[in-house]
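Handing you a structure now.
All values below come from the heavy atoms of this structure, side chains included, with hydrogens, waters and symmetry mates left out. A note on names: the letters A, B, ... follow the listed sequences, proteins ahead of strands, and every chain is numbered from 1.
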2 protein chains.
Amino acid sequence: MLTDELKKGSAEFLILSLLEAESRHGYELQKLIESRSDGVLTFNVASLYPLLYRMEERGWIVGRWVEKSGERRKRFYRLTPAGRTALDAQRESWKEFVTAINRVSGVRYA
Amino acid sequence: MLTDELKKGSAEFLILSLLEAESRHGYELQKLIESRSDGVLTFNVASLYPLLYRMEERGWIVGRWVEKSGERRKRFYRLTPAGRTALDAQRESWKEFVTAINRVSGVRYA
DNA sequence: CCACATATATTGGTGACCCACATATATGGC
DNA sequence: GCCATATATGTGGGTCACCAATATATGTGG
């Protein structure tokens, strides 16, 4: 499937987008992406956590551990100013990319 | 850049789309994708030819060598019925994918 | 004669993604 | 009391695509 290949690379953009409104933890991000896309976009845990670390190293997001009694510890991530800048850039890239593919492939949204 | 990652996986779809109208050879496909996307979508030769072989093995396209005097030999590819079916499926996948990403990321085309 | 465009092709390295597995807690069903 | 399932985070190892670099070969323009 085309989608399988394309999903690669989109994950970062989705995470940045979801963190724009409020901070969230990894598992939550995974479930949100899956439910909000009606199952079209799925996310493997083995991709999720390494990706979050990479994004944190890059300074786009910052995580903090939250521990509540009677709950498993969670790591909540929030967007940094650099992350917001990256998000803006990726939004533009995304639009440009979609426009380009549509133009070359002749896709129209009837 | 987001685009760099996303370009992966879209190549097949673009090639199938371009071959729908008429048969073309590898180098031509590469140049067409680049020019029609205004340089947004670039294509590495080291990806192009192996990809064409894979698509031919899968039975989506068929190539034939064309040799003219005073010209380097070219391999023209045309779409097979199976390729056309695959193209239809990929068009749907593409639309579904774009819709899903837009919904999750909150992108709107103003 | 040499740089460049055309045209096809491969080797070798990098890097992302994912299967499978591991750990730990709370809840619901039987 | 026990077991499956949901929640939540994490990793080792294999696979696979992409790409930089390189190679071959011909026609054109300066």
Legend entry - B:Y27 side chain near C:dT8 phosphate (N/O to OP1/OP2, under 4.0 Å): no
Legend entry - Minimum side-chain heavy-atom gap A:R24-A:L19 below 4.5 Å: yes
Inset, instruction - Measure the acute angle between the ring planes of A:H25 and A:Y27, then classify it against the limits of 30° and 60° as parallel, tilted or perpendicular. - result: parallel
Legend entry - Separation of D:dC16 P from B:N44 CG (nearest whole Å): 21 Å
Inset, instruction - Measure the distance from NZ on B:K74 to C1' on D:dT24 and round it to the nearest whole Å. - result: 17 Å
Legend entry - Any A:Y53 side-chain N or O less than 4.0 Å from OP1/OP2 of D:dT9: no
Inset, instruction - Would you indicate what B:F43 reaches in the nucleic acid, counting non-hydrogen atoms under 4.0 angstrom: base, sugar-phosphate, or nothing? - result: nothing
Inset, instruction - Let me know, please, whether B:P50 or B:K31 comes out on the 5' side of the other along DNA chain C by nearest nucleotide. - result: B:K31
Inset, instruction - Using a 4.0 Å heavy-atom cut-off across all strands, classify A:F76 as base, sugar-phosphate, or nothing. - result: nothing
Legend entry - Phosphate-side-chain proximity, B:S47 and D:dA17, N/O vs OP1/OP2 below 4.0 Å: no
Inset, instruction - For A:Y77 and D:dG10, give me the distance from atom OH to atom C1', rounded to whole Å. - result: 11 Å
Inset, instruction - Please determine if a side-chain N or O atom of B:Y49 lies less than 4.0 Å away from the OP1 or OP2 oxygen of C:dT8. - result: yes
Inset, instruction - Any strand is fair game: report the nucleotide pairing with C:dG12 by Watson-Crick or G-U wobble, both distances under 3.5 Å, or none. - result: D:dC19
Inset, instruction - Pick out which of B:R54, B:R91, B:R58 makes a salt bridge (Lys or Arg N to Asp or Glu O under 4.0 Å) with B:E12. - result: B:R58
Inset, instruction - Supply the atom-to-atom distance B:F76 CZ to B:L29 CG, rounded to the nearest 0.5 angstrom. - result: 10.0 Å
Legend entry - Side-chain N or O of A:R54 closer than 4.0 Å to phosphate OP1/OP2 of C:dC17: yes
Legend entry - Atom-pair distance (CD on B:E56; C1' on C:dT8), nearest Å: 14 Å
Inset, instruction - Quick one: look up who C:dA24 pairs with, Watson-Crick or G-U, both distances under 3.5 Å, and put none if it's unpaired. - result: D:dT7
Legend entry - Side chain to side chain, B:I61 and B:T80, heavy atoms closer than 4.5 Å: no
Legend entry - DNA chain C: 5'-proximal contact among A:R72 and B:R72 (nearest heavy atom): B:R72
Inset, instruction - Report the distance from atom CD of B:Q30 to atom C1' of C:dA9, rounded to the nearest whole Å. - result: 13 Å
Legend entry - Spacing of A:L29 atom CG relative to D:dT9 atom C1', expressed in whole Å: 13 Å
Legend entry - Protein-nucleotide distance (A:E67, atom CD; C:dA26, atom P), rounded to Å: 12 Å
